[in-house]
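Here the structure comes first, spelled out in structure tokens, and everything after it is commentary.
In each ligand, atom 1 is the first atom listed, and ligand 1 is the first ligand listed. Small disclaimer: the values here were computed from a predicted structure and weren't measured.
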Amino acid sequence: MDLKLILPTKKYYNQIEEYKKSFLAANSSMDGTGSLRRKNVDEWLKESRDHHLGKNLPDGFVQATQYLCVRTSDDKLVGMLQIRHELTDFLLNFGGHIGDSIAVDERGKGYGKEILRLGLEKCKKLGIKKVLITCLDTNVASRKCILANGGKFEDKRTLNRTVNDLTVSETLERYWIEL
Ligand SMILES: CC(C)(COP(=O)(O)OP(=O)(O)OC[C@H]1O[C@@H](n2cnc3c(N)ncnc32)[C@H](O)[C@@H]1OP(=O)(O)O)[C@@H](O)C(=O)NCCC(=O)NCCS
């Protein structure tokens, strides 16, 4: 497939903004985009650079590399992927090493499987030997992408979060991929 992972740059400024808008409009989960939901693109580009270098990490955050997934033929931003270089307790239980997403209008073409394959190559280069990837137990497409890349199911864990004073309970499936 004609996809590659690259570090974010200003060249993709408008496409990153559009990516964010389209996810918000579709009410789609913005996995693998770091803080893009909360920040403007300038702030997000700076934060991505910093976190890639392990600089200015908020408490409890680890070094993480943000990638854009670009289709070479037309230079279109079709996905995003983030690699957390190590696991904190939270990441070990719920978040995993990798988060990713595919643009709303580019789904169902096999890109979800491919972005994860490319992400695993990057993990290997970082020296990560066993990659943890999690997905909500309701996320059929994500589970298929993980299984297609050799994910071995370990267990499910429940995350309780408070949203607008309400406790929301989510069940995450945890998969390991040995590199
Ligand atoms: C999960 C996600 C990355 C999948 O991307 P995608 O490009 O559609 O995935 P693919 O085209 O490679 O499809 C993978 C499999 O899921 C299936 N699939 C795709 N969308 C689906 C859907 N909405 N419902 C059920 N199955 C679906 C495909 O048919 C394919 O199945 P197959 O293995 O039987 O062929 C994408 O839906 C997404 O960005 N979702 C929002 C963010 C997210 O959930 N990220 C994952 C977090 S862990």
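Looking at Ala141, Ala26, Gly108, it is Gly108 that brings a heavy atom closest to atom 6 (P) of ligand 1. Selection from Ile102, Asp100, Val140 by nearest heavy atom to atom 45 (N) of ligand 1 gives Asp100.
Under the 4.0 Å distance rule, the nearest protein heavy atom to atom 23 (N) of ligand 1 falls outside the cut-off. For atom 20 (N) of ligand 1, a protein heavy-atom neighbour is present inside the 4.0 Å cut-off. Within a 4.0 Å radius of atom 29 (O) of ligand 1, the protein contributes no heavy atom.
Checking only distances, Thr134 never comes within under 3.5 Å of ligand 1, N or O to N or O. In terms of polar-atom proximity, defined here as any N/O pair under 3.5 Å, Gly112 does make such a contact with ligand 1. For ligand 1, the polar-atom distance check finds an N/O of Lys144 within less than 3.5 Å of one of the ligand's N/O atoms. In terms of polar-atom proximity, defined here as any N/O pair under 3.5 Å, Asn139 does make such a contact with ligand 1. Taking only nitrogen or oxygen atoms, main chain and side chain alike, Phe23 does not reach within less than 3.5 Å of ligand 1.
Formation of a donor-acceptor pair under 3.5 Å by the His97 side chain with backbone atoms of Ile83 is not found in this model. Listed for the Gln15 side chain is a donor-acceptor partner under 3.5 Å among the backbone atoms of Leu77.
Residue-ligand proximity, Gly110 to ligand 1, at heavy-atom distances under 4.0 Å covers atoms 10 (P), 11 (O), 12 (O). Near Ser101, with a cut-off below 4.0 Å to any heavy atom, the atoms of ligand 1 are 39 (O), 42 (C). Counting atoms of ligand 1 from 1 in the listed order, those under 4.0 Å from a heavy atom of Ser29 are 41 (C), 42 (C).
A salt bridge links Asp42 with Lys10: the distance from a Lys NZ or Arg NE/NH1/NH2 to an Asp or Glu carboxylate oxygen falls below 4.0 Å. Arg117 and Glu121 are joined by a salt bridge, as a carboxylate oxygen and a charged side-chain nitrogen come within less than 4.0 angstrom of each other. Under the 4.0 Å criterion applied to side-chain N and carboxylate O atoms, Glu43 and Lys46 are not assigned as salt-bridge partners.
Judged purely by distance below 3.5 Å, without hydrogens or angles, the side chains of Tyr67 and Asp100 never pair a donor atom with an acceptor atom. Side chains of Asp2 and Thr72: a donor-acceptor N/O pair is present below 3.5 angstrom, by distance only.
Within the 4.0 Å heavy-atom criterion, the part of Lys109 lying near ligand 1 is the backbone and not the side chain. With a 4.0 Å heavy-atom cut-off, ligand 1 is reached by no atom of Ala148. By the criterion of a heavy-atom distance under 4.0 Å, neither the backbone nor the side chain of Ile146 is placed next to ligand 1. At a heavy-atom distance under 4.0 Å, atoms from both the backbone and the side chain of Arg107 approach ligand 1.
Contact check for Ile16 versus Leu45: side-chain heavy atoms found under the 4.5 Å cut-off. Using a 4.5 Å cut-off on side-chain heavy atoms (C-beta onward), Trp44 and Gln66 make contact.
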Requested in this report: Tell me, with the steps shown, if Lys76 and Asp105 meet side chain to side chain contact (heavy atoms under 4.5 Å, CB included).
Outcome: CA-CA 12 Å; Lys76 182 176 174 193; Asp105 59 347; 3.2 Å; yes

Query raised in the report: Going through the distances and angles, do Arg37 and Phe23 end up as a side chain to side chain contact (heavy atoms under 4.5 Å, CB included)?
Result: CA-CA 9 Å; Arg37 180 180 287 278; Phe23 272 66; 5.8 Å; no

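Judged as a salt bridge (Lys or Arg N to Asp or Glu O under 4.0 Å), and not counting sequence neighbours, Lys152 has no contacts.
In this structure, atom 13 (O) of ligand 1 lies nearest to the protein heavy atom Cys145 SG, 4.4 Å. In this structure, the protein non-hydrogen atom closest to atom 35 (O) of ligand 1 is Lys113 NZ, 3.5 Å. Of the protein's heavy atoms, Asp31 OD2, 3.1 Å lies nearest to atom 43 (C) of ligand 1.
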